[in-house]
Participant: 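Please see the structure below; I have some questions.
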Amino acid sequence: MKNMAMKELDNEIIKERSKSIRTKGRQSQPIQCEADSVAGCVSQRACVYCGARVVLNPITDAVHLVHGPIGCASYTWDIRGSLSSGSDLYRYSFSTDLREEDIIFGGEKKLARCIDELVERYHPGLLLVYATCIVGVIGDDLGAVCKAASLRHKIDIIPVESAGFSGNKSDGYRAACDVLLRMIASEEAVPKKDNCLNYLGDFNLAGEAWIIKSYLNEIGIHVNVAITGDSTYDTLLEAPSASLNIVQCAGSMGYMGKRMEQIYGMPCMNISFLGLEDTMDSLRRISSFFDNYFISSRAEALIKREYELYAPVVESCRARLQDKKAAIFVGGGFKAISLIKQFRELGMEVVMVGTQTGREEEYDTIHQMVTDGTVVLDDANPSELETFMLEQGADLLVGGVKERPLAFKLGIAFIDHNHERKHPLSGFIGAANFAQEVYATVCSPVWRYLNLDGI
Amino acid sequence: MTKQNRVRNVTENPCNMCMPMGAIVPFKGIENAMIIIHGSQGCATYMRRHMAEHFNEPIDVASSSITEQGTIYGGENNLKKGLENVMQLYKPELVGILSTCLAETIGEDLGRTASSFTREQGEGFTARLVPVSTPGYGGGHYEGYIQALYSIVVQLSQKTEKHDRINVFVPHISPADIREIKRILELMEIKYTLLPDISETLDSPYIQPYRRIPAGGTPLQEIEAMPGARATIEFMTMLEDELSPGKYLESEFGVPLYRLPLPMGIEACDELLRVLKKLSSKAVPEVIKKERGRLLDAMVDSHKYNGAGRAAVFAEPEVLYGVTRIMAENGILPAVLATGSKSPALKKLLQSLTADCDEKAIILLDSDFVSIQDHCANRKINLAVGNSDGRFISEQVGIPLVRIGFPIHDRIGGQRILSVGYNGTMMLMDRITNTLLAEKLSSYRQDMYQSLYKYPSAAANDH
Ligand code: SF4
Ligand code: SF4
């Protein structure tokens, strides 16, 4: 260990946590992951409810009602960068705002009244009711209230089983996918549309889904619906009519793709539009699926044009980022993997990779991708991030809002790769944005002045 | 919308965050303190995220990470293990233990767990544990802040020999505000214990090496010694006696209490200086007199622009009252006044404060932003003052927002906004006046043209 006596490091790491920290080339046992967080360790993880909202919140014309005390709703109010081409109802925060008396007497009646008020004021086609931790404990029957309200108002009112403590964020993704599956299920067989696919796992952050839709549209493929970025209740119902599902964020929507394959026999393809290489590769794989000369040739023309436009931007950043060291701490394994690739495109070395809720297979892939000496962490806390970023000499951290101030206090550059971002990172233009953002932070002049002996 | 007078069940775009979130802040203002939240992991993470965005500081708060199992068999072991790990990683002198909706509902007893933990740790264990009951459903973040502040004082203060410091209690104001209050006290040569002091801990300078618990905060020994102080100043005029730390120190230990509004506006600042003059043998120094004079000058300079302001204000009770006071003094109409808190005292205070205004103010307690927005439309509001959550109103109905309070997450530097004292009052006023000016100047050519320029079309019609 560089610059740090073993004894000192021992003090920094909680014993129970050591199984979830691996240095490639040093330990042989695989990393421990998909386990509960250790109490008191200051985990960076959120909850099931958080995961469910990530997936469902981008449905723009739905009423998203949080059944629980106010905090859970308040902290998730309009915090994500999903864009809409129509309604902005999804940006409202609706809560049953349970109080002491509701906790004692139960919240079902209040929930029913809240639903009535919302339907009356906003006339939605879809109303989603999110369960928070407390709901199960006080014994509210969400399903029954929703069902009765649904009959009363003749609209879809669906409970989301997202009690925070019943797992972690990935369980929330799954709960959300189950809601979507239930919603699109229909008695009648749906006629298939030609050259048409669903685009799963893009939440239209900063308009990312729009970029990909425009690419596919240009090459002659119709995007039936993006799930769930900029989607509406009606467009989601059309989902079964596509002939292919492509999945961007496999972490959140891989499950939905698999289920639709089983239910509708719809093939499912994992793709990635993060980085130049992945974008080109994905466009080619999608067009070869449709096996149509016009589609393939238009895809090549688009790739050529966009590559020529944006590759020079990436190249010029690469020249200045060569051999800088990156640390990664993100939500899921899928994102970590694509970031490792993107840093490679930029000529950077990845020295630390962590995720909040990565799965075993994903850690296997990460392990294979990184070089000896890279530290891999699951469910890391601020102390571990601090320790390993310093020890590994990271120049840059990619992470979320909570990690940003830590990086800055340590004098380390930072880029946001979370759902709050306000600029697109997908497609060719996204790869250029990413490169420029990395360049802007890593090569900013401010780092030169961070010394304490100026006066 | 016509529903504003009806009692609604649903909360739309909340003004409130929850109790434990508010309770984190006072603990962050104690030297070498850490916090653990007893509940599921998500609550703590959300609160940390929310605070990190506002303060641009790492916000380390532990969670006992109760799982579904814990809700059935009790979470005591989780909490104890959590405390142990917090001690190892952070080595704090004090740990605030806060409950959540979940912990309260499954009947966790924080006090019992804290004392049995201390016992089990044995002799060498010197850290102080301060459990506070903060069920999220029991109130908003304002109530959580007050509950924590009160509990800290009650649990830590001990009968002490008299000393020459005074106690100062502040509501949730910015680190910059606290620095300004401290500066005024120091200029008046008054020794003090200010609680909670987040001026360094939540706005810390760049240092090396990094400290997990940032330097600063009120020293534990000084909190313990609060009963020996010469007097207490409590910048919270709407606290009920049962939750007032100043009242507690007065009735238990005979420390004289001065309850003052936040020094926002000329009169409230004067009131503070008069009390400080009494507590110090010193006359008000020239620097402060000049600051006062400059504020008066500024008030006159901008009064005509301010006359055009029709404002909606939303903030925590003490700050709401302070901003309203500044408006009332400067001829801005405080037309819609809202808070997420239920504070009954606030309503009365606001009513008497705005009694002389040209139009009666609408006062909304326990409110949400959709109601505020409805009222803004009715009252022709052209200026909003409050936290970033009001941006929605700005976006949707085009009312410009002057940011103050918590949270400010769509702008940088929420922790550095100064709004108290003569200087802070002047700075807040300038922000307000300039916003009104910017609004007017950005559109007045267009507006005048559209409303007044009629001749050519009339002439054209003649032909
Ligand atoms: S309201 Fe209750 S459950 Fe929700 S975040 Fe706050 S403490 Fe947690
Ligand atoms: S109460 Fe549960 S659902 Fe709400 S924020 Fe906490 S962990 Fe998440």
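All chains are named by letter (A, B, ...) in the order of the sequence lines, taking the proteins before the strands, and each is independently numbered beginning at 1. What you see is a predicted model; the values in this text were computed from it and never measured.
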Participant: Please answer whether the main-chain N or O of A:Ser93 pairs with a side-chain N or O of B:Asn13 as donor and acceptor at a distance below 3.5 Å.
Facilitator: yes

Participant: Got a salt bridge between B:Asp366 and A:Arg99, using NZ or NE/NH1/NH2 to carboxylate O under 4.0 Å?
Facilitator: yes

Participant: So does A:Arg45 get a backbone contact from the side chain of B:Thr45, meaning a donor-acceptor N/O pair under 3.5 Å?
Facilitator: yes

Participant: Find the distance between OG (A:Ser37) and CD (B:Gln41) and round it off to the nearest 0.5 Å.
Facilitator: 5.0 Å

Participant: Should B:Ser204 and A:Lys409 count as side-chain neighbours, where that means a heavy-atom distance under 4.5 Å?
Facilitator: yes

Participant: With heavy-atom distances below 4.5 Å as the criterion, would you say the side chains of B:Tyr206 and A:Tyr449 are in contact?
Facilitator: no

Participant: Do side-chain atoms of B:Asn85 reach the backbone of A:Ala39 as a donor and acceptor pair under 3.5 angstrom?
Facilitator: yes

Participant: Report yes if the distance between the aromatic ring centroids of A:Tyr92 and B:Phe392 is under 6.0 Å, otherwise no.
Facilitator: yes

Participant: Kindly compute the distance separating SG (B:Cys18) from CD1 (A:Ile70), expressed to the nearest 0.5 Å.
Facilitator: 9.0 Å

Participant: Could you tell me if A:Asn451 and B:Gln208 have a donor-acceptor pair between their side chains, going purely by distance under 3.5 Å?
Facilitator: no

Participant: If I take atom OH from residue B:Tyr46 and atom OG from residue A:Ser74, how far apart are they, to the nearest 0.5 angstrom?
Facilitator: 11.5 Å

Participant: Are the charged groups of A:Lys402 and B:Glu53 less than 4.0 angstrom apart, N to O?
Facilitator: no

Participant: Verify whether one side chain among B:Tyr137 and A:Glu101 offers a donor that lies under 3.5 Å from an acceptor in the other.
Facilitator: no

Participant: Could B:Asp374 and A:Arg121 be called an ion pair, given the rule that one side-chain N must be under 4.0 Å from one carboxylate O?
Facilitator: yes

Participant: Between CG of A:Asp36 and OG of B:Ser65, what distance do you get to the nearest 0.5 Å?
Facilitator: 8.5 Å

Participant: Check B:His409, B:His50, B:His141 against A:Tyr75 for a ring-ring contact (aromatic ring centres under 6.0 Å, His included) and give me the one that passes.
Facilitator: B:His50

Participant: I'd like to know if A:Lys15 pairs up with B:Glu84 as an ion pair, taking the criterion as any Lys NZ or Arg NE/NH1/NH2 lying under 4.0 Å from an Asp or Glu carboxylate oxygen.
Facilitator: no

Participant: For the backbone of B:Asn9 and the side chain of A:Glu117, can you confirm whether one donor and one acceptor N or O come within less than 3.5 Å of each other?
Facilitator: yes

